[in-house]
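Take a look at the structure below.
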Amino acid sequence: AFTREYNPETRSLYRMTGTIRGQDVSGSSLFNNTPVGAFAATLTDVTRTHVMTVTADGVVVLDGQVIANYVYVPSMYILAGPLPGTTLTPQPVIYMALGHAGAQGIAAIVTTGYGTPAEKTFNMYQVPSGSVHGSGPRSSGRTA
């Protein structure tokens, strides 16, 4: 069982109990693990060159391509996986840090082609509702 609740005695944010190979186990953590779906939004970069959608069930789509078989670190909000749409071997990697940028909403720092000569890094911000091709992301001139 997984329970998300603050325990003032231990200052933990969640508690887990269960059984592993017949052995009862329990634990708690001060980290607030956040699932990918918590970042559900449509995001774009300031030039509107890239569009990313994260769904509530954790599907991540960048520029119309699903990022399949990704690895996500829920305590750090880091996602990495094979770069979709490429046939190179070894397949280049996409790497992103997800987060929140205050009034700008959900944000991401995305690096495509990580570790290759084609590596590109760009910031993405949540698109105001209904304006994917309209006014673009909210911007205060700062980067994430």
Side-chain angles (χ1 to χ4, degrees), residues 1-7 10-21 23 25-144:
F2 183 84
T3 307
R4 188 177 298 273
E5 63 186 9
Y6 179 70
N7 180 333
T10 62
R11 293 188 291 175
S12 66
L13 297 171
Y14 70 88
R15 178 171 148 68
M16 182 214 52
T17 60
T19 305
I20 298 176
R21 295 184 183 164
Q23 186 75 19
V25 294
S26 67
S28 62
S29 177
L30 302 179
F31 289 111
N32 191 13
N33 294 323
T34 303
V36 173
F39 298 102
T42 298
L43 300 94
T44 190
D45 61 337
V46 294
T47 63
R48 294 191 297 261
T49 303
H50 303 282
V51 175
M52 181 169 68
T53 301
V54 178
T55 67
D57 59 351
V59 175
V60 181
V61 180
L62 178 64
D63 298 334
Q65 305 254 354
V66 174
I67 301 171
N69 303 316
Y70 62 77
V71 174
Y72 176 68
V73 182
S75 61
M76 297 175 64
Y77 324 133
I78 301 292
L79 184 143
L83 183 64
T86 60
T87 57
L88 299 174
T89 302
Q91 190 171 20
V93 171
I94 185 166
Y95 177 86
M96 67 181 73
L98 300 164
H100 198 275
Q104 292 175 299
I106 305 293
I109 301 171
V110 179
T111 299
T112 59
Y114 183 75
T116 72
E119 182 176 308
K120 292 182 200 167
T121 299
F122 47 92
N123 299 325
M124 300 185 86
Y125 300 97
Q126 186 171 355
V127 175
S129 183
S131 65
V132 173
H133 301 290
S135 63
R138 294 169 268 190
S139 177
S140 63
R142 293 177 282 126
T143 56

Any side-chain heavy atom of I78 within less than 4.5 Å of one from Y95? yes
Applying side-chain hydrogen bond (donor to acceptor under 3.5 Å, both in side chains), name anything that partners T111, two or more places apart in sequence or on another chain. T121
Using a 3.5 Å distance criterion without hydrogens, assess whether the side chain of Q126 forms a donor-acceptor pair with backbone atoms of I106. yes
I need the minimum non-hydrogen distance between G113 and P92, along with the two atoms involved. CA-CB, 3.9 Å
Closest heavy-atom pair and its distance - M52, L62: CB-CD1, 3.9 Å
State which residues pass side chain to side chain contact (heavy atoms under 4.5 Å, CB included) with A118; sequence neighbours excluded, sorted by chain then number. T116
Answer yes or no: is there a side-chain heavy-atom contact under 4.5 Å between T17 and V25? no
Can you tell me how far OG1 of T34 sits from NE2 of H100, rounded to the nearest 0.5 angstrom? 11.5 Å
Carefully, step by step, assess D45 and N123 under the rule side-chain contact (heavy atoms from CB on, under 4.5 Å). CA-CA 6 Å; D45 61 337; N123 299 325; over 6 Å; no
Is there a side-chain contact between T112 and F122 (heavy atoms, below 4.5 Å)? yes
N69: what forms a side chain to side chain contact (heavy atoms under 4.5 Å, CB included) with it, not counting sequence neighbours? none
What is the distance from atom CG of L43 to atom CD of Q104, rounded to the nearest 0.5 Å? 11.0 Å
Checking H50 now: which residues fulfil side-chain hydrogen bond (donor to acceptor under 3.5 Å, both in side chains) with it, not counting sequence neighbours? D63
Listed partners of S26 passing side-chain hydrogen bond (donor to acceptor under 3.5 Å, both in side chains), at least two apart: none
Sorted by chain and number, sequence neighbours left out, side chain to side chain contact (heavy atoms under 4.5 Å, CB included) with Q65 holds for P84
F39 ring center within less than 6.0 Å of Y77 ring center: yes
Counting only heavy atoms not in Y114 (residues, nucleotides, ligands), do more than 12 fall under 6.0 Å from its OH? no
Shortest non-hydrogen contact between P82 and I94, atoms and distance: O-CG2, 4.1 Å
Minimum heavy-atom distance between V36 and V54, given as atom pair plus value: O-CG1, 3.6 Å
Could you walk me through whether T42 and T44 satisfy the side-chain contact (heavy atoms from CB on, under 4.5 Å) test, starting with their C-alpha distance in whole Å, then the side-chain angles of each, then the deciding distance to 0.1 Å, before giving a yes or no? CA-CA 7 Å; T42 298; T44 190; over 6 Å; no
Just so I know, are the side chains of V60 and L79 near enough to count as touching, which here means a heavy-atom distance under 4.5 Å? yes
